[in-house]
Structure formats: structure tokens, C-alpha cells
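In what follows, a single structure is set out as C-alpha cells and then discussed.
Each chain gets a letter, A, B and so on, in the order the sequences are listed, and its residues count up from 1.
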Number of protein chains: 2
Amino acid sequence: MAITIKDIANKAGLSPASVSRILNNHGRFSAETAKKVHEIAESLGYFKNQSAADLSQKQSRVVGVLVPVAHTNFADEIIKGMQHTAYELNYELLITFIDTDEKKQIQTVQSLLSRKVFAIFMLAIDAPTALFELLNHANVQLVSISNQLNNKIPIISSNNDLMMHQIVDHLYQKGHRKIALIGSSERYPIVAKIRRKGYIDALAAKGITYNPDWIWGFQNTYQTGLDAIQHFGTPLPFTAAIGSADIISVGLLNAAQDAGLVVPNDLSIVSVDGTELTQLTRPILTTIEQDFQMMGHLALSSLHEKTLTENAIIYTDTKIVLGDSVRDFNNY
Amino acid sequence: MAITIKDIANKAGLSPASVSRILNNHGRFSAETAKKVHEIAESLGYFKNQSAADLSQKQSRVVGVLVPVAHTNFADEIIKGMQHTAYELNYELLITFIDTDEKKQIQTVQSLLSRKVFAIFMLAIDAPTALFELLNHANVQLVSISNQLNNKIPIISSNNDLMMHQIVDHLYQKGHRKIALIGSSERYPIVAKIRRKGYIDALAAKGITYNPDWIWGFQNTYQTGLDAIQHFGTPLPFTAAIGSADIISVGLLNAAQDAGLVVPNDLSIVSVDGTELTQLTRPILTTIEQDFQMMGHLALSSLHEKTLTENAIIYTDTKIVLGDSVRDFNNY
DNA sequence: TCATTTTGCGTAAACGTTTACGCAACTATA
DNA sequence: TATAGTTGCGTAAACGTTTACGCAAAATGA
């Protein structure tokens with residue numbers, strides 16, 4: 001039915017082996033025959049059967065990507081970066097959204113493993129035990145992106161500690177002393193923990209003792225932002241809040257405005273992520289931008305260059321991008 | 001290295017054939033041996049080599065999904081719907097973001113074809129000629145989702161004509177007579193054409209002659225929304241605008257507010273798509289919601305049941321979801 | 001009890017590719 | 001011209017699975 005290298009070989013008066021060598025540019029062959037083979041392949045409309053190739057080589061160039069179903073929009077950015085690099089380095093990406101249902105997760109990952117993927121990228125995933133077990137069992141290279149799991153798996157991420165310092169420094173410089181952290185109280189365990197610590201340390205560095213009540217909310221959802229304002233009530237006990245994800249910050253902003261507060265006068269907001277969402281609000285949100293595309297790129301390229309040791313941590317840059325959501329107390 | 005059915009066969013004192021039959025629940029075997037085989041497979045940590053299976057069966061259960069890189073967020077919804085159904089019916093999804101660069105597109109799709117995918121879903125893709133050529137050449141089932149390409153490819157989509165009627169009827173009922181259509185002037189050729197026609201027809205049905213100048217903008221971007229307000233200037237010559245995608249509507253809203261207009265008093269907006277984005281604005285956008293998850297579901301299930309003929313068109317439901325972005329002239 | 005059917009499983013070929021090995025023909029070197 | 005090295009390519013096995021076919025044993029029926 002479909003065209004195989006055997007067909008090409010017949011037409012060219014060669015053996016399949018030679019055709020394979022030529023098409024893969026691997027081994028010895030003459031330029032002349034190569035030209036002929038390429039022409040014939042083209043004219044017959046040949047497509048390599050990658051399954052057969054994978055089977056023969058016992059290794060595929062497929063990388064599985066696990067994306068949480070409730071994937072915040074930064075996942076798209078990471079994938080974009082990966083896709084670009086995959087194209088350059090000739091890898092294939094098997095992107096899979098994973099569910100919260102554990103049974104589904106397992107089945108999904110099993111099918112990845114069946115494909116003999118040679119690496120699995122986990123985007124912002126807190127592997128629950130069963131899944132994690134499975135992944136460790138299979139011997140496949142794991143990479144955790146934009147999250148930190150344990151010290152067995154290499155990590156590509158922003159420096160969450162540094163980010164918190166950058167944000168607190170920025171707010172401090174604008175005159176803020178009462179700063180809340182919304183959305184890192186529990187979830188995404190390790191990242192949240194690092195952020196909390198960074199936040200506390202950064203405050204301490206300015207001589208501010210943090211108020212534990214002001215670290216509030218743990219889900220990266222819009223609702224968390226809404227609820228936070230509700231929770232603290234007006235007038236708010238702080239002048240600035242850090243939203244631990246863009247969607248949280250939008251929630252904060254809307255809830256504050258709905259409650260009659262003016263942003264940034266009554267509440268300043270700095271958002272963590274810096275996706276397009278921060279540009280769609282009024283006022284535009286000041287944000288710390290993570291380089292998600294770079295994460296995607298680095299994941300693949302460092303994998304390619306085999307520079308990923310077990311406990312590697314690669315940090316990508318973060319920077320403050322100014323919007324209009326932070327009040328400057330110096331100008332009053 | 002890895003465990004194969006041969007290993008299982010040895011340990012069970014069977015032939016690989018029997019193991020295969022058992023694991024795939026296909027053919028004859030005794031319940032007793034089946035139990036043994038499953039146990040051994042479990043204990044050895046066996047993973048099927050899907051490449052080998054695909055090769056042997058000459059057909060894979062992999063469906064390729066082509067998603068435009070600048071994928072508006074409804075793509076996520078469609079994929080979610082597909083993923084759910086894929087899980088039920090035991091298919092695998094190979095999601096691929098495709099670039100605007102034609103050479104990359106070709107390479108990407110080639111690699112899909114190499115995987116012997118048995119169908120390709122195209123999400124909101126206007127296939128440019130070269131890609132289209134390639135896809136037609138390969139004999140693979142194509143399905144166009146949320147877009148209409150030509151009458152050779154089955155379509156799963158909202159009824160764009162009906163949607164426009166629903167929107168115009170809603171606006172008319174609220175007392176609007178001057179209604180603009182932003183974002184369907186040229187692009188997404190067929191869909192845009194249908195929307196324009198639906199819009200014009202719906203107006204005509206109310207005895208309104210449309211103003212060709214009020215069909216403006218062709219890209220599904222935030223910028224289109226911003227530019228539209230700029231283009232028409234204030235005060236706007238119409239009382240309501242239909243944003244042909246959520247992101248356009250957000251642009252309209254922000255630009256209008258930035259220009260000092262009050263939504264909905266000075267401008268009413270109805271958005272097309274109804275993704276989460278419409279809930280994040282103030283005021284919340286009135287929108288016509290498309291059932292994207294259902295599109296994803298139907299694509300896969302109708303493929304599975306082989307009910308997709310060449311020129312099939314399957315419409316999913318659309319409905320108006322009320323927000324606060326439409327002024328009601330009846331209440332004044 | 002014998003004939004027939006059913007059951008459980010093994011044999012072997014096939015899927016399309018890659019690659020180690022080897023050989024003949026050619027090229028370079030002295 | 002003899003020798004050694006190189007080049008181009010074919011042979012054949014291997015990857016792990018599936019499945020048509022067939023056979024012996026067991027089950028069924030009379």
C-alpha cells in the first residue's frame with residue numbers, strides 16, 4: 001500500500017540498505033546514487049515509517065510533554081519554546097494534557113512510555129505518588145520545568161527566591177511597607193515554599209517583619225484572587241499584594257475594583273508570570289516576567305547536549321515589567 | 001534491556017503469540033493462563049512497545065492534531081474535549097502546534113505522517129496551499145474543526161450563520177439598530193464569509209440595511225479590537241459591536257474605556273467564543289458561547305464510528321450568555 | 001463409545017527500517 | 001605493477017509485536 005524504501009530500492013536498482021543509508025545521510029554512498037534515490041523518493045511520495053525506524057533503532061527522538069489540564073497559559077509559552085527547538089534539533093514532541101484523575105494520568109503516561117519516548121518533560125506538575133512511582137520505574141529521562149520536585153530530577157525554572165526579592169525590592173522602593181503574598185500558601189509545594197521563604201527573606205532584608213496572615217490562598221485560580229479581597233475586607237490591611245500567578249492577580253484586581261477600591265491607589269498589585277493576560281487589564285498590571293520560551297528551549301537543548309545531570313538546576317531570567325498597578329508613594 | 005512479551009512468554013512457559021492474545025484480549029485463551037500472564041506482566045513491569053505494534057498492525061490509533069501557534073484559547077477547550085474522548089476510546093493524540101513558516105509546517109506534518117496517524121484534525125486552520133497539497137497527497141482522514149476549508153473535508157463547527165442571527169436578534173431585541181461587526185472582514189476566509197453573510201441577512205430580516213463600512217478588521221487579535229475604536233473615532237457611529245473573537249472584544253472594551261466611553265452605555269459589545277476571558281473583564285462581556293469541548297468530542301467519536309463522510313458538516317450548539325456589556329434601550 | 005466441535009496454544013511469517021559485516025571494484029602509493 | 005587503503009553497496013539479522021493457520025487435546029453430542 002504505502003511506499004517503502006523497498007519500492008525505492010527496486011526502482012533505483014539498489015538494496016533497501018543503501019536507500020536507508022542515503023535517506024538518513026549515514027554511512028557511505030556516492031553522490032550520484034544519492035541524487036537518484038532522493039528523486040525517486042520524492043516522485044513516489046515516500047514517507048518514512050517512523051514506527052519501524054524506532055523499532056529498529058530502539059530509541060526514538062520523541063519527547064513526551066506532560067501539561068496539566070488546568071494549564072495556566074504560560075504552558076503555551078513553554079511549549080512554543082520547545083517546539084521551536086524541537087524543529088531545529090529534529091525532535092518530536094508528544095504533548096499530553098494530564099488530568100487530575102489519577103487513573104487517567106497513569107494510562108496517559110503509560111501510553112507515552114509505550115512510545116519509547118526518551119525523555120519526559122513535566123510542566124509545572126506536582127507528581128502525585130502513583131504517577132511518580134510509574135515514572136521512576138520506567139527508565140526515562142525526566143525534566144521538571146517551572147517546578148521543583150525533588151533533587152533527583154533536573155529542573156529548569158525561574159529563580160523563585162530571586163523573583164520574590166525583585167518584587168519586594170521594587171515595591172519597597174516605591175514606598176510600600178505592607179505587602180501581602182496571595183497564592184503561595186500551600187500548593188505547588190516546593191515552589192510555594194521557596195516563594196514564601198524568598199518573600200519573607202526579602203522583607204527581612206528591608207527590616208520588615210512579615211505578617212503570617214498576609215500569606216494567603218493556595219490555588220492558582222481566578223477565584224483565589226477574588227476570595228482574597230473578600231477575605232481581607234476593605235480597607236485592606238496592606239498597600240500592596242503579590243499575585244502568585246497572573247490569573248490570581250486579575251482576580252485581585254477585579255475584586256478590588258468591584259469592592260470600590262482604586263488600583264493602584266488603594267491597592268498595588270505585582271503579578272508573577274507576565275503573560276499576555278497582564279496587558280489586557282485596566283490598569284495594566286506590573287509584573288515579573290518569566291522567560292517561559294527560554295525554559296522550553298533550554299529543556300530540549302540541554303537534553304540534546306546531555307548536560308542535564310540528576311540534580312541540575314537551570315535558572316532562566318526574570319525581570320520586572322512595569323504596568324500601572326503599583327502606586328509610587330514617593331510622588332506624594 | 002526492556003521487558004518484552006517474549007520475556008513474559010518464557011516465564012509463563014508460553015509462546016509470545018499467546019501472551020499477545022491475552023494482553024490484547026483478542027483470540028482464544030484460558031482464563032487461568034490469562035491471569036498468570038497478567039500477573040507476570042505486572043511483576044516484570046512490562047510496557048508494550050507501541051512502535052512494534054503499530055508496525056505489525058499497519059494502523060495506529062494515533063490522531064494528529066494541528067493547532068495554530070497563535071492559537072486562540074478556545075483551542076485548549078477543543079483539545080480538552082478530544083483528550084477526554086481519546087481516553088474513553090483508547091486513542092492517542094499527537095498535538096502539534098503549527099507555525100506560520102511554511103517550511104516548518106511541512107516538516108511538522110511530515111513527521112505526523114511518518115507516525116502513520118490515521119487521521120489529522122485541523123483546528124481553525126486555513127491550510128495554505130503547500131501544506132494542503134501534502135495532506136491531500138497522503139491518504140489520511142482529515143477533519144476540519146471550527147473552520148471550513150472546502151467541501152472535501154468533513155467539518156465540525158458552530159453554525160456561524162446561526163450565531164450571527166442569534167447575536168443580531170439579541171441586540172435588536174435590546175433596542176439596537178446600529179450594529180458593527182469587528183474582525184470578520186477578510187480572514188479565515190470561509191468562516192468570515194459566512195459570518196458576514198449571516199450578519200447581513202440577520203439585519204435584513206429586521207429590516208435594517210447594513211453599512212459596509214461597519215464590517216471592519218480581519219485579524220483575530222487584541223490589536224484589531226484596539227484599532228477598531230481608533231478607526232471609528234468617538235462618538236462611535238454605532239451603538240453595538242460584535243467582536244468576532246473574545247480577544248477582539250477585550251480590545252474593543254479596553255480601547256473604548258481608554259477613550260472615555262462607558263460600556264455598555266456608549267458602546268455595547270457581544271463577543272463570539274465565550275471563553276474564560278469574557279469573565280475577566282469589567283463589565284463582564286455578553287457573549288455567544290460555542291461548545292468547543294463538544295467539537296473535540298464529536299471529532300473523535302464520529303471518526304471512531306466512521307460516520308464522517310467527505311462532505312459532512314456537524315454543527316455544535318451555540319447560545320447567548322449574558323454579561324453586562326449590552327445596553328437595554330427598553331429600560332430607558 | 002465414536003464422531004464432531006470447541007478450546008488453547010504454538011509456529012512462522014510479516015510489518016519497514018537500520019546496521020554490522022563483508023566483498024568486489026576502484027584509487028592511491030611506492 | 002604489486003600492495004594497501006578506500007569506496008560503494010549488498011546480505012542478512014534484528015527490533016517487538018500481531019495474526020493466519022493448524023494441530024492436539026478437551027468437551028460435547030449422539
* **A:Leu55 CG - C:dT18 C1' separation (whole Å)** => 10 Å
* Give A:Asn24 one of three labels, base, sugar-phosphate or nothing, depending on what nucleic acid heavy atoms sit under 4.0 Å from its own. => sugar-phosphate
* Looking at every strand, decide which applies to A:Ser20 at a 4.0 Å heavy-atom threshold: base, sugar-phosphate, or nothing. => base
* When all nucleic acid strands are considered with a 4.0 Å heavy-atom cut-off, which category describes B:Ala53: base, sugar-phosphate, or nothing? -> sugar-phosphate
* Of all the choices, C:dC15, C:dC9, C:dT17, which nucleotide is nearest to the side chain of B:Lys58 once you look at every atom? -> C:dC15
* To do: Would you kindly give the CD1-to-P distance between A:Ile3 and C:dT17, to the nearest whole Å?
  => 10 Å
* To do: Tell me whether the OP1 or OP2 atom of D:dT19 has a side-chain N or O from B:Gln57 closer than 4.0 Å.
  => yes
* Asked: Using 30° and 60° as the class limits, which term best fits the ring planes of A:His304 and A:Tyr91: parallel, tilted or perpendicular?
  -> perpendicular
* Residue whose nearest DNA chain C nucleotide is more 5′ - B:Ser15 or A:Ala52 -> B:Ser15
* Validation row: A:His84, A:Gln293 side chains within 4.5 angstrom (heavy atoms) -> no
* Structure fact -> From NZ of A:Lys48 across to P of C:dT17 the rounded distance in Å is 9 Å
* Asked: Would a line drawn from the ring center of B:Tyr87 to the ring center of A:Phe97 be shorter than 6.0 Å?
  -> no
* To the nearest Å, give me how far apart CG (B:Asp7) and P (D:dG16) are. => 9 Å
* **Enclosure of B:Lys11 NZ (heavy-atom neighbours >12, cutoff 6.0 Å)** => no
* **Inter-residue atom distance A:Leu298.CG - A:Ser157.OG, 0.5 Å rounding** => 11.5 Å
* Please name the residue in the list A:Leu94, A:Thr96, A:Leu123 that meets the side chain to side chain contact (heavy atoms under 4.5 Å, CB included) test with A:Val65. => A:Leu123
* To do: Would you mind reading off the distance between A:Phe47 atom CZ and C:dT17 atom P, rounded to a whole angstrom?
  => 12 Å
Distances under 3.5 Å between protein N/O atoms and the N/O atoms of nucleotides 21-28 of chain C, please, pair by pair.
none

* **Pairwise distance CE(B:Met295) to CD1(B:Ile314) - rounded to 0.5 angstrom** => 11.5 Å
* CD1-CG distance between B:Ile5 and B:Leu14, expressed to the nearest 0.5 angstrom -> 11.0 Å
* Asked: Does the side chain of B:Ser18 get closer than 4.0 angstrom to OP1 or OP2 of C:dG8 through an N or O atom?
  -> no
* Scan B:Ser51 against the nucleic acid and name what it touches under 4.0 Å (heavy atoms): base, sugar-phosphate only, or nothing. => nothing
* NE2 of A:His26 versus C1' of D:dG8: gap in Å, rounded? -> 16 Å
* To do: Rounded to the nearest angstrom, tell me the gap between atom CZ in A:Arg61 and atom P in C:dT18.
  => 13 Å
* **Between C:dT11 (P) and B:Ile5 (CD1): distance, integer Å** => 14 Å
* Asked: Pick the nucleotide of DNA chain D nearest each of A:Ser56 and A:Ser30; which residue has the one closer to the 5' end?
  -> A:Ser30
* Asked: Atom CD of A:Glu92 and atom CZ of A:Arg115: how far apart are they, to the nearest 0.5 Å?
  -> 10.0 Å
* Could you tell me whether B:Glu32 and B:Lys36 make a salt bridge, using a distance below 4.0 angstrom between a side-chain N and a carboxylate O? => no
Considering only nitrogen or oxygen atoms on both sides, find all protein atoms under 3.5 Å from nucleotides 24-29 of chain D and state each distance.
none

